[in-house]
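All residue numbers refer to positions in the sequence shown, counting from 1. Because the structure is a prediction, the values reported are computed rather than measured.
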Amino acid sequence: METESEPYVRLATLRQLHQVMADMNTARSLADTLQTVADGVVNGLGYELACVNLVRPDGDLVVAAFAGNPAAEALITGRVGSRDSWERRLHMGEHWGDLVFISHTEGWVLDDDDVPQWYTDGPAPRFEDEWHPSDRLFAPMYTPGAPDGQRGELLGVLSVDRPRNGRRPGAWGREALQMYAFQAAIAISNARLRANMQRALVRLEREQQALRASEESFRQAFEYAPSGMAIAEMGGDQHGRILRTNDALCRLLGRPAAAMRRYSFSDLVHPEDIGTLLRTSAEGGRAELRLARRDGTYVWVSLRNSVVADAADGPRFLLTHVEDIEERKRRELHLAHRASHDSLTGLPNSAELRARLSARLCRRPAHAGELESLDAAYGHPGYDVAGFDFRPGAESYDAYDHHVHTVAPEGDRDDGTKGLAVLFCDLDGFKSINDRFGHNAGDAVLIEVARRLSNGVRDGDTVARLGGDEFVILANGLGRADAEDLAVRLRNEIIQPIRAEGRAVRVGASFGIGWAHCGMTADEVLKSADERMYVEKRSRPKQHRRAG
């Protein structure tokens, strides 16, 4: 390449530059284009070394092509430099238009970063514009098509070294390199586009072939699948409407295919499972829920969704796989029930009782007026036992505003407050039945007492067996008088004769009534009710503790 000191540029030089640019745009593949770009710098612009650093999808730059030195090409081709290191380079040195020149006087700070580099030796410059072996010249390449005055995204960087005339490029050399980088960006973008289009065409042809080949297989797999399958509309006013079902799904739900087309899964799902269905992703979602049979019963199923297209650009449909999991769910529910319920009486056990009670309580008072009672109980003015700050104006004071706070009647009189009553029941005379008639008789008594307690409370109340002959009743929304009346009624039920091992036996019952309110733990509530039960038991003469 001629220097700018000449009054004209030789026609042969322009022809050579034109040829290398033409070669860039006629390369068949992206790899060929990149190598042609590197070769063109050496063959047409008068540099001995050229490197094409291409931006990867992750933003870092990889050495994609090298020209001018086989040893350097083998050493650094394929190596990666971080985007941060490259950004540092592009913001240093002198800016010659879009070019970046970093003189050896400041470029030494880049010697040890992670950008792949090739070092060449040579003598120190003898005059001002002579090229130094450690000088660096970069030509950034930006994606074409950006609005006037703006740059596109960084596509890559051309790095060149060792001009053949030994001098730093002048005005013509700079203009030529900048123009070449611009044309190289166009060529690389076009090569990428061609490559993407070719891959897309190949992929589309393969997909069409696979689609044509699989249509019959899909039909047979759908119709004769051992588990339920359904196709439903996706999008629009009829979203979710069932269009087609296989025989297995019709048998599972006891509904003919013609009738199934009148429904969507939201019409068939159990009311309690609607939320589960709505939370299930239409594309790739999975849910376990209950679907209605024709006879009004429900069956547990696992739903798995996937999206299929009728054609390449046609409408999309929802393919739902329905698997019968009734037996597994029955086993799971049975195991869960055994873990949370007493094996003898079938009542919730101690762990389940504490869980239900704890779910109603939070570790803060229901309102500011309750702070004084907590202060007295725990000795921490303005704080509850968990360490939360409930002083007026404290930020965490409203941390449980979503919670319906449990309060308790105050004093010994019924002040109209409705709360969560905790009735602690201990049987009187039960040990003597075990001793006299055996444990089978004792078990029969416990089972009957559990039945009478369960029949004596409202739906929604909890009757639990705490252990041995101790039972606990959780009854919400009761005033003090209501709770006392409930205890009397339950005691009167318990003292009726019980048939055990062919004989009639009697047991009595002592009740202690505690009240749950936020700020207490479940154990504290149970302990309070237990203590009141013992007070009640000791207050009655022994001969009145059971009916005989």
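- Between Asp267 and Arg262 there is no salt bridge, since none of the side-chain N atoms of the basic residue sits less than 4.0 Å from a carboxylate O of the acidic one.
- Using a cutoff of 4.0 Å between basic side-chain nitrogens and carboxylate oxygens, Arg83 and Asp113 are not scored as salt-bridged.
- Using a cutoff of 4.0 Å between basic side-chain nitrogens and carboxylate oxygens, Glu332 and Lys329 are scored as salt-bridged.
- Donor-acceptor pairing under 3.5 Å is lacking for the side chains of Trp108 and Glu106.
- Side-chain atoms of Ser82 and Asp114 include a donor-acceptor pair closer than 3.5 Å.
- Once rounded to the nearest 0.5 Å, the distance linking CG of Leu277 with OG of Ser264 reads 8.0 Å.
- Taking the ring centre of Trp86 as origin, the terminal cationic atom of Arg89 falls inside the region bounded by 6.0 Å and 45° from the ring axis.
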(message) With side-chain hydrogen bond (donor to acceptor under 3.5 Å, both in side chains) as the criterion, how do Thr276 and Asp273 come out once you've worked through the C-alpha distance, each side chain's angles and the decisive distance to 0.1 Å?
(response) CA-CA 5 Å; Thr276 301; Asp273 297 336; 4.7 Å; no
(request) Evaluate side-chain hydrogen bond (donor to acceptor under 3.5 Å, both in side chains) for Ser103 paired with His132, printing each intermediate quantity in order. (result) CA-CA 8 Å; Ser103 172; His132 188 278; over 6 Å; no
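- A cation-pi contact links Arg255 to Tyr263, judged by a cut-off of 6.0 Å to the six-membered ring centre and 45° from its axis.
- Met234 has its side chain within reach of Val307: a pair of non-hydrogen atoms, C-beta onward, lies under 4.5 Å apart.
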(request) Output, in order, the C-alpha distance, side-chain angles, deciding distance and verdict of side chain to side chain contact (heavy atoms under 4.5 Å, CB included) for Leu268 and Leu291. (result) CA-CA 5 Å; Leu268 301 173; Leu291 294 181; 4.2 Å; yes
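- If you check the side chains of Asp39 and Gln35, you find a donor sitting under 3.5 Å from an acceptor.
- The distance from the OG atom of Ser227 to the CG atom of Asn246 is 7.5 Å, given to the nearest 0.5 Å.
- For the pair Arg304 and Arg286, the minimum side-chain heavy-atom distance is below 4.5 Å.
- The distance from the CZ atom of Arg356 to the CG atom of Leu361 is 14.5 Å, given to the nearest 0.5 Å.
- Two residues are said to be in side-chain contact when any heavy atoms from C-beta on lie closer than 4.5 Å; Val115 and Leu61 fail this criterion.
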(message) Before you tell me yes or no, could you show the steps for Glu48 and Val42 under side chain to side chain contact (heavy atoms under 4.5 Å, CB included), namely the whole-Å CA-CA distance, both residues' side-chain angles and the distance that decides it to 0.1 Å?
(response) CA-CA 6 Å; Glu48 294 185 14; Val42 174; over 6 Å; no
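- Under the 6.0 Å distance and 45° angle rule, Arg168 does not count as a cation-pi partner of Trp131.
- Side-chain contact between Val100 and Arg136 is absent, with no heavy-atom pair separated by less than 4.5 Å.
- Between Arg328 and Glu288, at least one side-chain nitrogen of the basic residue sits less than 4.0 Å from a carboxylate oxygen of the acidic one, meeting the salt-bridge criterion.
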